Colleague: 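Structure provided below as structure tokens; questions to follow.
Since we're looking at a predicted model, the values are computed, not measured. If you read the sequence from its start, that first residue is 1, and numbering goes on from there.
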Amino acid sequence: MPERFFLYDETESTKTRYISFMGEHQRFDLALIRTDRYFGKRLVLDIQGSRFAIIGQDDLEEPGYLEHAFNLTEEEAAELRDFLCEVI
């Protein structure tokens, strides 16, 4: 078996917040992971939708970012954006 080449292999303590809320258009079950990686951005996991994105304040202001990352309609993304603006 060939030797594995790692680009990096690090262990880090993180802080994870699990939150579930009901919007007007859909339910959101999220895990928000705070880490020292990704330049202070949060790793946001949509547990029910099996999707994730690395999100910072600048990403929340980017048109279409949440719609694409989480496969949401504009209305659903607006609900998620409103919540994430409060916690990121």
Colleague: Supply the atom-to-atom distance T73 OG1 to H25 NE2, rounded to the nearest 0.5 angstrom.
Modeller: 6.5 Å
Colleague: D29: which residues meet the side-chain contact (heavy atoms from CB on, under 4.5 Å) condition with it, sequence neighbours left out?
Modeller: S20, R27, I47, Q48
Colleague: Please give me the minimum heavy-atom distance between K41 and D59, naming the atom from each residue.
Modeller: NZ-OD2, 2.9 Å
Colleague: Main chain of R34, side chain of R17: is a donor-acceptor contact present, judged purely on distance under 3.5 Å?
Modeller: no
Colleague: Other residues, nucleotides and ligands only: do more than 12 of their heavy atoms fall within 6.0 Å of CD on E24?
Modeller: no
Colleague: Would you mind listing the cluster partners of I88? Hydrophobic ones only (ILVMFWY), side-chain contacts under 4.5 Å, chaining allowed.
Modeller: I19, F21, F28, L30, L32, V44, I55, L60, Y65, L66, F70, L72, L80, F83, L84, V87
Colleague: Are E74 and R81 within salt-bridge range, i.e. N to O under 4.0 Å?
Modeller: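 No, this pair does not count.
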Colleague: Are the side chains of R37 and T14 in contact, using a 4.5 Å heavy-atom criterion?
Modeller: no
Colleague: Closest heavy-atom contact between Q57 and C85?
Modeller: NE2-SG, 4.1 Å
Colleague: Nearest 0.5 angstrom please: Q26 CD to E79 CD, how far?
Modeller: 7.5 Å
Colleague: Please report, to 0.1 Å, the donor-acceptor pairs under 3.5 Å made by any side chain of residues 1-8, with sequence neighbours excluded.
Modeller:
none

